[in-house]
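Letters A, B, ... mirror the listed sequences (proteins, then strands); counts begin at 1.
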Amino acid sequence: MRVGYPCINRSIGCKSDRTFRLRSYSKQRLVETVENNLNCLFKILTFNLKNHLLFFRITSDLIPFASHSICRFNWQDHFRGKFEEIGGLIRGAGMRISMHPDQFTLINSVDDEIFMRSERELAYHAQVLDLMNLDASAKIQIHIGGVYGNKEESMRRFVERFYRLDDAIRRRLAIENDDKLYCLRDCLNISADTGSPILFDVFHHGRYNSGESVQQAIESIMGTWNKKRDGIPMVDYSSQMCDGSPNQHAETLDMSDFGAFLKCTSRYDFDVMLEIKDKEKSALKAVKAIESPRYKPII
DNA sequence: TCACGTCAAGCAGAT
DNA sequence: ATCTGCTTGACGTGA
């Protein structure tokens, strides 16, 4: 089990997701921003390595407007050396990487234009991971998408569109259960048709499920990961804010909840991403718990 | 230096 | 109709 946190590090004083407004776009602005973002990403990964945090989600804002038609600059070639350097650090340390395109990326949209924009966005994510020379265990996690008034039809459309994507994208996709529209059971159906592994989100599952316990859920997704190609499963974990909207992620990791989670899933090996507001602080708490003998997974 | 209106993109549910 | 959440504030103008 590797422990990680998404996108942002709050303690090292740099940001790898700096961006700018579309109307301020210029080649120079892009180069400056990306240079900053890649340098910061290297610093974050170095920090993570030092602190035994071996799982990290790279922000989708790493290259602002990468999939937008305004971007004509060949950032791939321009930053090739930097990407290779970062990839070398990741591979050398045995770190795990994920990316999570935002809610505008919809493979199953009824609108073909939205699908094509989504395809370009996914291609950008795959390129980042390819440029780092990471294998297909570095995943791009996406939700199934919208329902558009007909869930069955929308799931069929997802599968049909999936096979229209380039293999450079397909091999990296992992399907994540969401909290409203597509639950674990839906993901299992999609996974059976596409061969994509399921990235299990514990928090979403708590809000929308078809009755499976967390342990049963983990059991059911294990087989969707082809260990040789995909690596061990990835799991997103967050604790609920105790006092506020039930949607929001907690301020910090609740160790008794997390301890219980580790206990009930100790038969399985997977990497866990902690989606908690205080980011690396909670991840550090989790690493400490996992390294303590009472939570040692039985593998 | 600070306040604050606005920011590439979509969907669904609440108000 | 408009607002909010999603993984998450922060860019950039004007004073």
Side-chain angles (χ1 to χ4, degrees), chain A residues 4-10 13-26 29-30 32-33 36-37 40 44 55-72 97-125 139-151 153-155 157-158 161 174 176-183 186 199-204 207-208 234-241 244-251 272-280 282-283:
Chain A
Y5 61 99
C7 305
I8 294 166
N9 181 300
R10 294 195 188 283
C14 72
K15 295 168 49 42
S16 65
D17 61 342
R18 259 186 48 198
T19 184
F20 48 84
R21 295 287 174 254
L22 180 59
R23 42 170 217 286
S24 332
Y25 183 93
S26 71
R29 188 69 189 269
L30 180 72
E32 282 171 12
T33 306
N36 166 84
N37 288 352
C40 179
I44 293 174
F55 187 19
F56 188 66
R57 183 184 302 160
I58 294 177
T59 174
S60 296
D61 288 332
L62 194 66
I63 320 287
F65 305 106
S67 73
H68 193 283
S69 57
I70 201 171
C71 179
R72 313 295 294 242
I97 296 295
S98 66
M99 295 185 84
H100 192 350
D102 64 31
Q103 63 273 25
F104 306 108
T105 304
L106 292 156
I107 289 180
N108 78 342
S109 174
V110 287
D111 182 341
D112 259 317
E113 301 263 322
I114 292 174
F115 168 65
M116 288 187 289
R117 280 199 289 277
S118 300
E119 189 177 21
R120 283 202 296 277
E121 182 71 359
L122 289 169
Y124 147 61
H125 284 76
K139 290 299 182 196
I140 300 169
Q141 63 189 92
I142 46 159
H143 298 292
I144 294 171
V147 166
Y148 310 99
N150 185 339
K151 191 162 170 179
E153 189 56 41
S154 296
M155 287 174 71
R157 198 167 46 251
F158 181 96
R161 292 273 185 63
E176 179 187 353
N177 58 307
D178 68 65
D179 59 347
K180 284 192 193 78
L181 308 179
Y182 294 100
C183 64
D186 301 319
L199 191 151
F200 179 63
D201 187 306
V202 179
F203 187 47
H204 290 161
R207 293 173 52 74
Y208 180 37
M234 293 176 171
V235 171
D236 282 358
Y237 180 94
S238 57
S239 8
Q240 187 174 330
M241 202 169 204
S245 122
N247 267 322
Q248 280 181 304
H249 288 161
E251 201 55 50
V272 64
M273 173 70 61
L274 296 169
E275 297 183 325
I276 314 277
K277 271 206 177 10
D278 67 1
K279 302 283 178 188
E280 74 283 356
S282 284

Can you tell me how far C1' of B/dG10 sits from NZ of A/Lys180, to the nearest Å? 13 Å
Rounded to whole Å, NE2 of A/His143 lies from P of B/dG10 at a distance of 17 Å
Before accepting this row, confirm whether a basic side-chain N of the pair A/Asp178/A/Lys180 lies closer than 4.0 Å to the acidic partner's carboxylate O. no
Nearest-Å distance once atom P is located in both C/dG12 and B/dA8: 9 Å
Rounded to whole angstrom units, what separation is found between the NZ atom of A/Lys277 and the P atom of C/dT7? 11 Å
Determine the minimum heavy-atom distance between A/Cys40 and A/Ser16, stating which atoms define it. SG-N, 3.5 Å
Tell which nucleotide pairs with C/dC3, taking only Watson-Crick or G-U wobble pairs whose two distances are both under 3.5 angstrom. B/dG13
Per-pair stack call A/Phe104 and B/dG10, 5.5 Å, 30°: no
Touch class at under 4.0 angstrom, heavy-atom based, for A/Arg21 against every strand present: base
Complementary nucleotide for C/dT8 - Watson-Crick or wobble, under 3.5 Å: none
N or O in side chain of A/His100 less than 4.0 angstrom from C/dT8 OP1/OP2: no
Residue pair A/Cys7/A/Phe20 against DNA chain C: nearer the 5' end by closest nucleotide is A/Cys7
Nearest whole angstrom, please: distance from the P of B/dC11 to the CG of A/Asp102. 13 Å
Does a nitrogen or oxygen in the side chain of A/Ser109 sit under 4.0 Å from OP1 or OP2 of B/dG10? no
Looking across every strand, which nucleic acid part, if any, lies under 4.0 Å from A/Ile114 by heavy atom: base, sugar-phosphate, or nothing? sugar-phosphate
Taking pairing as Watson-Crick or G-U wobble with both contacts under 3.5 Å, can you name the mate of B/dA8, or confirm there isn't one? none
Return the minimal non-hydrogen interatomic distance between A/Ala66 and A/Tyr124, and the atom names on each side. CB-CD1, 3.3 Å
A/Asp17 CG to C/dC11 C1', straight-line distance once rounded to whole Å: 12 Å
Separation of C/dC11 atom P from A/Leu22 atom CG, nearest Å, is 15 Å
Taking only the side-chain nitrogens and oxygens of A/Thr105, find out if one of them lies under 4.0 Å from OP1 or OP2 of B/dA9. no
Ring geometry between A/Phe65 and A/Phe20 (parallel below 30°, tilted from 30 to 60°, perpendicular above 60°): tilted
Just checking A/Ser118: base, sugar-phosphate only, or nothing, at a heavy-atom cut-off of under 4.0 Å? nothing
Scan A/Arg29 against the nucleic acid and name what it touches under 4.0 Å (heavy atoms): base, sugar-phosphate only, or nothing. sugar-phosphate
If you look at every strand shown and take non-hydrogen atoms under 4.0 Å, does A/Ser60 touch a base, only sugar-phosphate, or nothing? nothing
Is there a side-chain polar atom (N or O) of A/Arg207 under 4.0 Å from OP1 or OP2 of C/dC6? no
Give the rounded distance in Å between these two atoms: CG of A/Asp61 and P of C/dG9. 12 Å
Contact summary for A/Thr59 and A/Met99, nearest pair of heavy atoms: O-CE, 3.7 Å
Starting from C1' on B/dG10, measure out to CZ on A/Phe115 and report it in whole angstrom. 16 Å
From the set B/dG10, C/dT8, B/dG13, return the single nucleotide nearest to any side-chain atom of A/Arg117. B/dG10
Classify A/Thr19 by what it touches in the nucleic acid, base, sugar-phosphate, or nothing, heavy-atom distance under 4.0 Å. sugar-phosphate
Please confirm whether the ring centroid of A/Phe56 lies under 6.0 Å from the ring centroid of A/Tyr5. yes
Would you mind classifying the nucleic acid contact of A/Tyr148 as base, sugar-phosphate or nothing, using non-hydrogen atoms under 4.0 angstrom? sugar-phosphate
